[in-house]
Student: 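My questions will all concern the structure given below.
Each ligand, and each atom within it, is numbered from 1 in the order the structure gives.
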Amino acid sequence: DDVTLDFCEPGKAKLKGQLEIAPSAAAPPSYDVIGKSNLEVTPGGKYRPPNCRSRHKVAVIIPHRDREAHLKHLLSHLHPILQRQQLEYTVYVVHQIHGSLFNRAMLMNVGFAQASLDNNYDCFIFHDVDLLLESDRCGYHCPKLSEHGRSNPKHLSVAVDKFDDVMPTYRYVFGGVSIFTREQFLSVNGFSNLYWGWGAEDDDLFLRTWRKGYKVDRTDTEKCSFRMISHSHDRDNPMSAMRYLLLKQSLQRQNEDGLSSLRYRLISKTRGRVFTNVTVDVGGPTPKFIELM
Ligand SMILES: *[C@@H]1O[C@H](CO)[C@@H](O)[C@H](O)[C@H]1NC(C)=O
């Protein structure tokens with residue numbers, strides 16, 4: 001920390017309010033172009049305000065596989081917002097190598113673990129690759145350190161508009177974009193590692209959060225609305241027998257399944273121009289899981 005600087009004043013942030021969002025069909029900018037329009041972002045996708053000391057040290061964790069166009073749209077949209085909000089932050093893209101079912105929740109845990117090795121972030125934003133914020137008045141940070149004791153994890157993406165869709169909003173229990181302080185995430189033991197393929201891992205996180213005495217804070221819903229850039233059918237998986245079973249037993253497993261049992265093989269960790277690329281092999285589901293899917 002540069003202790004010679006004064007803390008940033010929220011009133012001095014040059015926010016724009018409602019933002020323009022390019023239609024998802026538009027070709028995304030290259031990483032090079034994103035870098036050139038964000039010259040103060042340093043390799044690894046890191047930034048700290050040059051003239052004041054940020055009140056927040058934020059790690060943005062984005063799980064990824066096969067969605068590179070979405071990732072470029074998101075990074076090009078998000079970097080300017082985070083800078084205007086005067087955050088000290090790093091963007092981590094946690095990339096799952098091929099060979100097994102996608103495990104969104106485990107990639108979030110990996111992002112938390114790897115970011116924590118790099119820096120003492122006090123706030124973690126778990127962020128799907130296909131959600132774009134519609135107004136920069138939605139704060140991408142945790143409550144101030146002094147308030148952590150009393151604060152709850154936040155669910156930001158309650159209101160989601162999909163492009164080309166008649167349904168204006170889409171509600172998740174706890175998916176999309178959620179925010180935890182380090183203490184909160186450690187206390188719930190992170191996400192469950194057992195959900196392979198899409199669905200229910202966010203409901204599981206919701207149960208874990210309640211179990212540890214937190215409520216889920218949705219008070220920012222007014223300021224925080226999102227555009228979804230993926231196709232809706234990605235999201236419409238029915239819940240399988242296995243997911244239902246896992247969810248039912250969520251609370252009995254909580255202390256043994258999560259950050260405390262996280263095992264993965266780090267393939268590489270590199271500093272891209274506008275994000276830190278954490279590439280991992282997280283293994284795969286057990287035969288029993290596949291059978292019950
Ligand atoms: C990250 O690194 C891996 C391994 O080098 C690479 O395959 C992948 O394309 C990189 N980029 C993203 C967005 O994951």
Side-chain angles (χ1 to χ4, degrees), residues 21-22 24-47 58-83 87 89-119 121 124-133 140 157 175-178 190-191 193 195-198 201 226-231 234-235 262-284:
I21 298 181
S24 52
S30 66
Y31 296 129
D32 195 40
V33 166
I34 300 169
K36 285 188 175 128
S37 26
N38 292 279
L39 289 173
E40 291 182 347
V41 172
T42 56
K46 286 171 85 77
Y47 174 81
V58 179
V60 180
I61 315 286
I62 305 168
H64 177 263
R65 187 166 79 178
D66 290 337
R67 291 283 182 278
E68 208 153 4
H70 294 165
L71 181 61
K72 288 171 180 167
H73 278 302
L74 175 62
L75 293 171
S76 123
H77 185 71
L78 198 52
H79 272 299
I81 297 175
L82 301 179
Q83 290 166 77
L87 305 176
Y89 71 88
T90 306
V91 174
Y92 290 88
V93 174
V94 187
H95 178 81
Q96 182 181 337
I97 59 161
H98 281 271
S100 177
L101 288 163
F102 194 60
N103 191 327
R104 172 182 180 272
M106 203 167 161
L107 297 179
M108 298 298 197
N109 286 343
V110 170
F112 176 86
Q114 286 294 324
S116 299
L117 292 175
D118 293 346
N119 208 333
Y121 299 104
F124 296 82
I125 305 201
F126 299 100
H127 205 300
D128 279 355
V129 73
D130 55 5
L131 290 176
L132 302 179
L133 194 55
Y140 260 40
S157 57
V177 181
S178 53
F191 280 85
N193 297 311
Y195 289 85
W196 299 93
W198 182 75
E201 80 293 338
F226 290 81
R227 279 291 180 99
M228 182 187 281
I229 46 181
S230 72
H231 299 291
D234 290 351
R235 301 260 171 195
L262 182 63
R263 302 280 179 277
Y264 58 94
R265 193 157 65 91
L266 184 65
I267 305 289
S268 61
K269 186 176 187 181
T270 53
R271 288 188 198 179
R273 175 63 192 87
V274 287
F275 63 93
T276 297
N277 179 341
V278 178
T279 294
V280 285
D281 178 357
V282 292

Student: Taking side chain as C-beta onward, heavy atoms only, is Asn38 less than 4.5 Å from Pro80?
Tutor: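 Yes; the side chains approach each other to less than 4.5 Å.
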Student: Counting only heavy atoms closer than 4.0 Å, does ligand 1 sit against the backbone of Thr270, its side chain, both, or neither?
Tutor: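 For Thr270, no heavy atom sits under 4.0 Å from ligand 1.
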Student: Take the angle between the ring planes of Phe226 and His127 and call it parallel below 30°, perpendicular above 60°, tilted in between.
Tutor: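 Perpendicular, since the angle between the ring planes exceeds 60°.
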Student: Which protein non-hydrogen atom lies closest to atom 7 (O) of ligand 1, naming both residue and atom, and how far is it?
Tutor: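 Result for atom 7 (O) of ligand 1: His95 NE2, 4.0 Å.
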Student: Could you report the tightest heavy-atom contact between Gly283 and Asp281, atom names first, then the distance?
Tutor: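 Where Gly283 meets Asp281 most closely, the heavy atoms are N-OD1, 2.9 Å.
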Student: At what distance is the nearest protein heavy atom to atom 4 (C) of ligand 1, and which residue and atom is it?
Tutor: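 Closest protein heavy atom to atom 4 (C) of ligand 1: Thr279 OG1, 3.6 Å.
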Student: What atoms in ligand 1 come closer than 4.0 Å to a heavy atom of Leu71?
Tutor: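 Those of ligand 1 that fall under 4.0 Å from Leu71 are 13 (C).
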Student: What I want to check is whether the side chains of Asp118 and Tyr92 have a donor and an acceptor closer together than 3.5 Å.
Tutor: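 Per modelled atom types, Asp118 and Tyr92 side chains form a pair under 3.5 Å.
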Student: List the closest protein heavy-atom neighbour of atom 5 (O) of ligand 1: residue, atom name, distance to the nearest 0.1 Å.
Tutor: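 Going by distance alone, atom 5 (O) of ligand 1 is nearest to Ser268 OG, 4.0 Å.
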Student: Indicate yes or no: does an N/O atom of Tyr31 lie under 3.5 Å from an N/O atom of ligand 1?
Tutor: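 No, since none of the N or O atoms of Tyr31 sits under 3.5 Å from an N or O of ligand 1.
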Student: List the steps and the verdict of side chain to side chain contact (heavy atoms under 4.5 Å, CB included) for Asn193 and Tyr264.
Tutor: CA-CA 11 Å; Asn193 297 311; Tyr264 58 94; over 6 Å; no
Student: Can you check whether Ile34's main-chain N or O pairs, donor with acceptor, with Ser76's side chain at less than 3.5 Å?
Tutor: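 Absent.
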Student: Within the 4.0 Å heavy-atom shell around Phe275, which atoms of ligand 1 are there?
Tutor: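 Selected atoms, number and element: 13 (C).
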Student: Which heavy atom of the protein is the closest neighbour of atom 12 (C) of ligand 1, given with residue, atom name and distance?
Tutor: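 That would be Asn277 ND2, 3.5 Å.
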Student: Could you tell me if the ring centre of Phe275 sits under 6.0 Å from that of Tyr31?
Tutor: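 They qualify: ring centres under 6.0 Å apart.
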Student: Looking only at N/O atoms, are Glu68 and ligand 1 under 3.5 Å apart anywhere?
Tutor: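 In this structure, Glu68 places no N or O atom under 3.5 Å from an N or O of ligand 1.
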